[in-house]
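Here's a structure for you.
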Number of protein chains: 2
Amino acid sequence: MPDEYYMEMALALAEDAADNGEIPVGALVVCRNRIIAKSRNQTEQLVDVTAHAELMAITSAAHYLGSKYLPDCTLYVTLEPCVMCAGALFWAQLGRLVIGASDPKRGYSRFGSALLHPKTRLETGVLAEESQALLMKFFNRLRT
Amino acid sequence: MPDEYYMEMALALAEDAADNGEIPVGALVVCRNRIIAKSRNQTEQLVDVTAHAELMAITSAAHYLGSKYLPDCTLYVTLEPCVMCAGALFWAQLGRLVIGASDPKRGYSRFGSALLHPKTRLETGVLAEESQALLMKFFNRLRT
């Protein structure tokens with residue numbers, strides 16, 4: 001399936017986050033054409049700054065595979081990962097990372113591409129506008 | 001209590017990690033002179049690259065306090081945090097970070113001090129030799 005197909009699903013997870021008062025970020029992990037993990041931001045609900053979509057997706061995927069490492073996996077995430085999540089993706093030796101919108105303020109890439117594992121292939125800007133629109137809608141609603 | 005007192009306890013947690021086949025890293029969180037979280041590396045046991053001592057200590061401390069943020073807390077950790085854990089400490093707005101041994105290869109500081117929150121006060125090198133000795137003993141045992 002094309003990247004857009006999975007990113008649409010990640011966007012639906014992000015919308016679910018927004019509906020529950022969370023910053024809308026969704027993630028899923030695909031391994032050999034099978035979705036093995038789905039998650040969305042839960043920092044408010046779990047009262048835990050580490051409950052980002054990517055971190056929970058990595059944990060779920062590792063449990064599913066029975067392996068700490070994810071070299072044959074693609075992680076789709078609607079927003080550029082933060083430093084914490086990029087660090088986790090490094091440890092997981094993720095095979096491929098597909099990002100929706102960029103995050104100039106809190107994204108990992110401010111610190112350079114070396115935060116990701118050298119073997120992680122990177123794709124950016126997939127359904128970026130849709131993800132950005134979801135984030136803007138969420139923050140605009142917070143302000144009113 | 002002096003920093004060395006708490007770091008001794010973190011070193012005991014690191015030893016417990018080593019005894020269970022984990023890279024020996026221990027952490028604890030102190031808030032208003034009370035220890036509110038203790039943890040040690042569990043990546044092998046939990047089959048999860050995110051199960052670093054610091055990440056679990058942050059989650060535990062947040063649950064104890066009922067708050068995502070830890071501005072009045074000090075985290076003691078026997079080894080310099082990695083990028084992932086530094087990113088988590090940033091989000092937690094940690095008040096103070098006390099580090100044992102430095103980690104030139106995987107420590108966050110390769111990417112500069114901006115990975116930590118600007119309000120996090122930093123102390124390094126507390127019982128560094130003891131922590132380093134524990135790590136060397138662990139890796140030497142692995143090699144034989």
### Task
Could you check if a side-chain atom of A:V83 sits within less than 4.5 angstrom of a side-chain atom of B:F90, using non-hydrogen atoms only?
no
### Message
Quick check on the hydrophobic clustering: are A:L13 and A:V77 connected, directly or via other members, by side-chain heavy-atom contacts under 4.5 Å?
### Response
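The answer is no; the residues belong to distinct hydrophobic clusters.
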### Message
With clusters defined by side-chain heavy atoms of hydrophobic residues (ILVMFWY) lying less than 4.5 Å apart, directly or transitively, does A:L11 cluster with A:V98?
### Response
yes
### Query
Between A:Y69 and B:V49, which heavy-atom pair has the shortest distance, and what is it?
CE2-CG1, 4.5 Å
## Note on the structure
Under 4.5 Å to a heavy atom of chain B? For A:L55 that would be both
### Summary
The interface call for B:S67 against chain A, heavy-atom contacts under 4.5 Å, is backbone
### Message
Would a single hydrophobic cluster contain both B:I58 and B:M9, if residues Ile, Leu, Val, Met, Phe, Trp and Tyr are joined by side-chain heavy-atom contacts under 4.5 Å?
### Response
no
### Interatomic spacing from CH2 in A:W91 to CZ in B:R106 - rounded to 0.5 Å
5.5 Å
### Message
What's the separation between atom NZ in B:K68 and atom OG1 in A:T43, rounded to the nearest 0.5 Å?
### Response
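The OG1 atom of A:T43 is 4.5 Å from NZ of B:K68, to the nearest 0.5 Å.
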### Task
Please look at B:L46 and chain A and tell me whether the side chain, the backbone, both or neither of the residue comes under 4.5 angstrom of a heavy atom of that chain.
backbone
### Task
Could you tell me which portion of A:T50 (side chain, backbone, both or neither) has an atom closer than 4.5 angstrom to a non-hydrogen atom of chain B?
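Side chain only.
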### Message
In this structure, would B:Y5 and B:I99 fall into the same cluster of hydrophobic residues linked by side-chain contacts under 4.5 Å?
### Response
no
### Query
Out of A:L89, A:L70, A:D48, which one racks up the most heavy-atom pairs below 4.5 Å with chain B?
A:D48
### Task
Using non-hydrogen atoms and a 4.5 Å limit, figure out which bit of A:A92 sits close to chain B: side chain, backbone, both or neither.
both
### Message
Take a 6.0 Å sphere around CZ of B:R32 and say whether it holds more than 12 heavy atoms from other residues, nucleotides or ligands.
### Response
no
### Task
Pick one of side chain, backbone, both or neither for A:A114, based on which atoms fall under 4.5 Å of a heavy atom in chain B.
both
### Message
For A:A88 versus B:M84, what's the shortest heavy-atom pair and its separation?
### Response
CB-SD, 3.5 Å
### Task
Identify whether B:F139 and B:L134 are in the same connected component of the hydrophobic contact network (ILVMFWY, side-chain heavy atoms under 4.5 Å).
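Not linked; separate clusters.
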### Message
Less than 4.5 Å to any heavy atom of chain B: does that hold for the side chain of A:Y108, its backbone, both, or neither?
### Response
neither
### Query
Do you know which of A:C82, A:A62, A:A61, A:A51 has the most heavy-atom pairs under 4.5 Å to chain B?
A:C82
